[in-house]
Amino acid sequence: MKNILIKFCCVFSLFAFYSCDNEDDLREESVIYVDEVHESEFDKWLYETFTVPYNMEIKWKWEDGEVDNNFHVTPPRKEKAEQFMKALHKIWIKPYEEVGGEEFIKTYVPKLIYLVGTPQYNDDGTMTLGLAEGGRKVTVFDVDAFDHLDLQGMAKAFHTMHHEFSHILHQKIHYPVAFKELSKGNYTGAWYNFSDIKANTLGFITPYGMSNDHEDFVEIVATILSTVQNSNMPIERVVPEKDQYGMVTGNLTQKVLSDFQMKLYMFGIGIVQNKDGSLTLQQDQAGPIGLSIMLKKIDIITEYYKTEWGIDLFELQGKIEIATNELILENSEE
């Protein structure tokens, strides 16, 4: 008992000393510090690249309490954390800063990014790849799967970042009520029972967008900003011909389209492989209606970003494409 009392007194004394020592005047520099005892070159780079200019804290080592302990997840491998954060700086922060301005990104960028190596698997069979909390923190899961040389893999990973950052922005300034009205009655908690094609037919860009209007909104933003190939220079493609009502005719034609434009052109159209190996186009009669709803949603979203944030989403899309291609080239030469 005496030993316990002595330890308690020592701890209390240290706490009292620490409390008194913190009565100094507030300082202007960042209050986030790197623990020099455990820091690596990577930690120093994170501090200089994110903390000093943007007052962001990046956590990639395990910290109990940063994630829900009801799930089994692990911290990322250092190599993957390095690759992901290099990409985050190059193809996420810098394009936003270039289009939205330095003050915009410094004000609204999440102040804490916590990296997790594995996905968070949910009881309903789905998995969580990102979480935004209170406009301050973003948790990024599945970092160990990040491939810094693969365009599609990189696009998938940053779909999550664009999704979560869009949540932060609409929580600051809400988008028009008219957006929610476009799909009123079609939102459902059982979104995972819908295929991409069925979701498209109902006017959603992904099945997850069906879960509620907030997810609907940010999924469209994330898809625009992560479907970036050929966004600056559309290419000629062979596509199904459509009639005046938007239904496929069975013939083929040529169109000059970016990847995102191609996604919209094929909205609600699926390709089914038959038993003999041949392919058949599949389109619901309501497909053109779903596309019409989606185009109205895109109009609302792009106007919202331009009016409220001074950001042209398709200009940002083009900047992200340039940065992504540059990064992949840099990584391949290392």
Check whether [X] reaches the backbone of [Y] with its side chain - one donor and one acceptor, N or O, closer than 3.5 Å.
{"X": "Gln283", "Y": "Gly246", "answer": "yes"}
{"X": "Thr118", "Y": "Thr74", "answer": "yes"}
{"X": "Thr223", "Y": "Glu219", "answer": "yes"}

List for me each residue that meets salt bridge (charged side-chain N to carboxylate O under 4.0 Å, His left out) alongside [X], sequence neighbours excluded, and say none if there are none.
{"X": "Lys80", "result": "none"}
{"X": "Glu97", "result": "Lys94"}
{"X": "Lys242", "result": "none"}

Restricting to ring-ring contact (aromatic ring centres under 6.0 Å, His included), what partner residues turn up for [X], sequence neighbours left out?
{"X": "His159", "result": "none"}
{"X": "Phe42", "result": "Trp60"}
{"X": "Phe179", "result": "Tyr175, Phe217"}

**Request:** Establish, from distance only, whether the side-chain atoms of Ser183 and Asn186 form a donor-acceptor pair under 3.5 Å.
**Result:** no

**Message:** Could you tell me if Glu215 and His167 have a donor-acceptor pair between their side chains, going purely by distance under 3.5 Å?
**Reply:** yes

**Asked** Is there a side-chain contact (heavy atoms from CB on, under 4.5 Å) between His163 and Val221 once you walk through the steps?
**Response** CA-CA 7 Å; His163 176 114; Val221 174; over 6 Å; no

**Asked** What orientation do His162 and Phe158 show, parallel under 30°, tilted 30 to 60°, or perpendicular over 60°?
**Response** tilted

